[in-house]
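Right, one structure below, let's go through it.
Starting from 1, each residue takes its place in the sequence as its number.
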Amino acid sequence: TINGGASWTLVDTLFLNQEVHQIIVHPANHNDLFVRTGNSSLEPSIASALYRSTDAGATWTRTLGPIGYDGVVAIDPSNAQVVYSVANDTILKSSDEGVSWAYMAQGVAIFVSPSMPNVIYRVGSGDSIYLSTDHGSSWSYRGVAPGCGWQLWTAMSTVMTVSVDDPYTLYAGCSAYEGGFYRSTDGGMDWEPDTGGFTGSHSVNAIALDPTDSNTIYAGGWATVVYR
């Protein structure tokens with residue numbers, strides 16, 4: 001759509017038999033897209049892959065796969081060449097826009113600070129959180145994500161995000177019915193629940209931040225509920 005969602009045009013049929021789990025638009029070049037697919041009912045080598053388009057979705061090139069059913073893709077907002085992807089519980093880094101990939105660390109999710117791209121977070125086994133301040137060259141253990149157990153990462157592309165203007169403020173949501181919304185202001189070491197105004201289910205499995213106003217946050221969960 002180019003009119004705010006009033007109408008839509010099918011740009012490609014490549015993904016008709018797959019599940020699209022994530023769409024990433026580069027913040028500096030809006031014609032540059034990555035799509036992560038995953039379909040548990042299909043052969044993993046076919047269903048789970050990362051695709052890239054440089055022409056606003058008109059054509060696509062497979063850049064990585066298979067990558068497993070769950071995972072996260074992140075782009076360095078200051079350098080379009082640098083892309084991170086989770087593939088089968090391993091975090092890979094590309095410095096050439098997805099043409100080639102190198103091992104970076106073990107993990108199930110990765111998040112890049114929009115305001116300071118050298119600050120990166122990864123989630124490892126047991127919901128452990130690690131912080132890097134040098135683009136992933138070294139890591140320090142921060143602690144464990146808020147108490148949702150495995151459910152925190154069932155929708156890994158959306159249940160944690162980094163503040164648009166503070167690289168050490170994180171937001172996380174738990175997809176359990178009474179899960180809730182959490183905030184950390186020290187890079188994931190300590191978390192505080194922040195669900196004032198929530199009614200019924202406190203499930204949160206989608207979070208979006210207003211890129212122009214760090215105080216405006218959207219959270220979505222079960223029963224088609226969206227909070228602001």
Side-chain angles (χ1 to χ4, degrees), residues 21-22 24 36 38 40 44 48 50 64 66-77 82-94 101-164 166-195 202-209 217 219 221:
H21 285 193
Q22 188 178 11
I24 296 293
R36 181 178 63 83
S40 58
S48 60
L50 181 65
L64 185 64
I67 60 176
Y69 185 69
D70 290 317
V72 175
V73 179
I75 301 178
D76 186 323
V82 178
V83 185
Y84 305 92
S85 179
V86 174
N88 302 307
D89 298 335
T90 298
I91 297 175
L92 305 177
K93 179 178 180 179
S94 173
W101 297 85
Y103 171 85
M104 190 170 72
Q106 291 296 115
V108 296
I110 185 166
F111 306 92
V112 180
S113 165
S115 62
M116 195 178 294
N118 60 294
V119 175
I120 303 172
Y121 296 88
R122 67 178 171 93
V123 180
S125 60
D127 293 339
S128 55
I129 297 178
Y130 297 85
L131 166 68
S132 174
T133 58
D134 54 13
H135 299 277
S137 295
S138 61
W139 299 89
S140 61
Y141 175 73
R142 305 299 286 176
V144 178
C148 303
W150 65 270
Q151 294 187 77
L152 181 61
W153 306 111
T154 56
M156 289 178 291
S157 64
T158 52
V159 295
M160 178 171 162
T161 189
V162 186
S163 169
V164 297
D166 181 356
Y168 299 103
T169 293
L170 309 177
Y171 304 101
C174 176
S175 59
Y177 184 82
E178 294 296 338
F181 182 87
Y182 297 83
R183 181 198 312 262
S184 172
T185 57
D186 56 10
M189 295 183 66
D190 301 290
W191 295 85
E192 292 291 335
D194 190 2
T195 54
H202 288 183
S203 166
V204 173
N205 51 25
I207 300 172
L209 305 182
I217 305 170

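Under a 3.5 Å cut-off, the side chain of Ser132 and the backbone N or O of Ile120 do not form any donor-acceptor pair. Judged by distance alone, the side chain of Glu192 and the main-chain N or O of Ser184 form no donor-acceptor pair under 3.5 Å. Side-chain atoms of Asn118 come within 3.5 Å of backbone N or O of Thr133 as a donor-acceptor pair. A donor-acceptor pair under 3.5 Å is formed between the side chain of Arg122 and the backbone N or O of Gln106.
At a threshold of 4.5 Å between non-hydrogen side-chain atoms, the residues Tyr171 and Ile217 count as touching. The side-chain heavy atoms of Thr169 and Val162, taken from C-beta on, include no pair separated by under 4.5 Å.
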What's the verdict on side-chain contact (heavy atoms from CB on, under 4.5 Å) for Ser140 and Tyr130, showing C-alpha distance, side-chain angles and the deciding distance? CA-CA 5 Å; Ser140 61; Tyr130 297 85; over 6 Å; no
Working for side-chain contact (heavy atoms from CB on, under 4.5 Å), residues Trp101 and Val83: CA-CA 9 Å; Trp101 297 85; Val83 185; 3.8 Å; yes
side-chain contact (heavy atoms from CB on, under 4.5 Å) between Met104 and Ile110, intermediate numbers included: CA-CA 11 Å; Met104 190 170 72; Ile110 185 166; 3.5 Å; yes
Begin from the C-alpha positions of Phe111 and Tyr121 and carry the test ring-ring contact (aromatic ring centres under 6.0 Å, His included) through to its verdict. CA-CA 5 Å; Phe111 306 92; Tyr121 296 88; 8.1 Å; no
I'd like to know whether Val144 forms a side-chain contact (heavy atoms from CB on, under 4.5 Å) with Ile129, so could you lay out the CA-CA distance, the side-chain angles of the two residues, the decisive distance to 0.1 Å, and finally the verdict. CA-CA 6 Å; Val144 178; Ile129 297 178; over 6 Å; no
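Here the options are Val112, Val73, Ile75, the test is side chain to side chain contact (heavy atoms under 4.5 Å, CB included), and the partner is Tyr84; only Val112 passes.
Closest non-hydrogen pair, Tyr141 versus Ser128, comes out as CE1-CB, 3.7 Å. When all heavy atoms are compared, the tightest approach of Arg142 to Asp186 is NH2-O, 2.6 Å.
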